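See structure below.
What you are looking at is a predicted structure, and each value in this text was computed from that prediction instead of being measured.
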Amino acid sequence: MQFIQFIKQEIEWIKHNDPSLSSTLEIWFMPGFRALKTWYFTHKLYSRHPALARILSLRAQQKTGIDIHPGATIGEKVFIDHGSGVVIGETCVIHDRVMIYQGVTLGATGKVTGKRHPTIESDVVIGAGSKIIGNIVLHHGCRIGAGSIIIKDVPADTTMIPAPAYAIRNQYGRIDVPNIASLEGKLNTVLRKLDDDGQRKK
């Protein structure tokens, strides 16, 4: 894809997904947009001059707070919202129309060689602070809740959420830690609400 076409698609996708925008000019200063602009060139440079490509990507990391390895493969209309702390590893593959929020890691485990980072299929949303680790696949249309740790494949159109927080102390002192049955009950309530919301949207 030519650079101008890449930029136009990114701008249109960001405008479609960011209700806080008041002008197109803002997009040019957004760290996610700036990081992807740099990735476009470093990715093309990586096969011929890997050291130079990595130096340029690290320079972009210093400016944006987003670390995209030039070896990563990224599709069309990818939106990195807010962006601070996002890490995208060398063998990561990201398909089209993916939303990535701040603090997300698409990382590897240990010193494994070869394909060792996640594959993110199209129309996936990855919530803030999520850690997607290893050579796994987030299949089409899945949603990853903020703070999730994912180490196995996620089926298509699946919503993943981490364990909900619970109180252990208040102004009167310690609170009894809820037992597993109580936590499961709360989780089932959340899942039922998600199912109800999905049915209403249909």
Hey, what do you get for [atom1] ([X]) to [atom2] ([Y]), rounding to the nearest 0.5 Å?
X: Ile74; Y: His95; atom1: CD1; atom2: NE2; answer: 11.5 Å
X: Ile88; Y: Ile120; atom1: CD1; atom2: CD1; answer: 9.0 Å
X: Arg97; Y: Asn17; atom1: CZ; atom2: CG; answer: 11.0 Å
X: Leu45; Y: Thr38; atom1: CG; atom2: OG1; answer: 12.0 Å
X: Leu56; Y: Leu52; atom1: CG; atom2: CG; answer: 4.5 Å
X: Thr91; Y: Leu106; atom1: OG1; atom2: CG; answer: 10.5 Å

Tell me whether [Y] is reachable from [X] by hopping between hydrophobic residues (I, L, V, M, F, W, Y) whose side-chain heavy atoms are closer than 4.5 Å.
X: Ile27; Y: Tyr40; value: yes
X: Met160; Y: Met99; value: yes
X: Val87; Y: Ile100; value: no
X: Val93; Y: Ile126; value: no
X: Ile136; Y: Val86; value: yes

Residues 62-71 side chain polar contacts: donor-acceptor under 3.5 Å, at least two apart:
| unit_1 | atom_1 | unit_2 | atom_2 | d |
| --- | --- | --- | --- | --- |
| Gln62 | OE1 | Arg59 | NH1 | 3.2 |
| Thr64 | OG1 | Ala60 | O | 2.8 |
| Thr64 | OG1 | Ile66 | N | 3.2 |
| Asp67 | OD1 | Arg54 | NH1 | 3.3 |
| His69 | ND1 | Gly71 | N | 2.9 |

Which atoms form the tightest heavy-atom contact between [X] and [Y], and what is the distance?
X: Asn170; Y: Tyr172; value: OD1-N, 2.8 Å
X: Pro118; Y: Gly107; value: CD-O, 3.4 Å
X: Val98; Y: Glu121; value: CG2-O, 3.5 Å

If you look only at distance, which donor and acceptor atoms sit under 3.5 Å apart when one is on a side chain in residues 140-158 and the other is two or more places apart or in another chain?
| unit_1 | atom_1 | unit_2 | atom_2 | d |
| --- | --- | --- | --- | --- |
| His140 | NE2 | Asp123 | OD2 | 2.9 |
| Arg143 | NH1 | Asp123 | O | 2.9 |
| Arg143 | NH1 | Gly141 | O | 3.1 |
| Ser148 | OG | Gly145 | O | 2.8 |
| Asp153 | OD1 | Val137 | N | 2.8 |
| Thr158 | OG1 | Pro155 | O | 3.0 |
| Thr158 | OG1 | Ala156 | O | 3.3 |

*Given Val78, Leu138, Thr119, the one that forms side-chain contact (heavy atoms from CB on, under 4.5 Å) with Ile94*: Val78
*Identify, with sequence neighbours excluded, every residue that meets side-chain contact (heavy atoms from CB on, under 4.5 Å) alongside Gln9.*
Met1, Gln5, Glu76, Lys77
*For Lys8, enumerate each residue passing the side-chain contact (heavy atoms from CB on, under 4.5 Å) test, keeping only those at least two apart in sequence or located in another chain.*
Ile4
_Measuring only between side-chain heavy atoms, which start at C-beta, is Met30 closer than 4.5 Å to Asp18?_
yes
*Mind checking whether Lys131 and Thr105 have side chains closer than 4.5 Å, heavy atoms only?*
yes
_Member of Phe3, Tyr46, Phe6 meeting the ring pair (Phe, Tyr, Trp, His ring centres under 6.0 Å) criterion with Phe41_ = Phe3
*asked:* Applying ring pair (Phe, Tyr, Trp, His ring centres under 6.0 Å), can you list everything that pairs with His82, at least two apart in sequence or on another chain?
replied: none
*salt bridge (Lys or Arg N to Asp or Glu O under 4.0 Å) with Arg116: which residues, sequence neighbours excluded?*
Glu90
*Classify the ring geometry between Trp28 and Phe33 as parallel (under 30°), tilted (30 to 60°) or perpendicular (over 60°).*
perpendicular
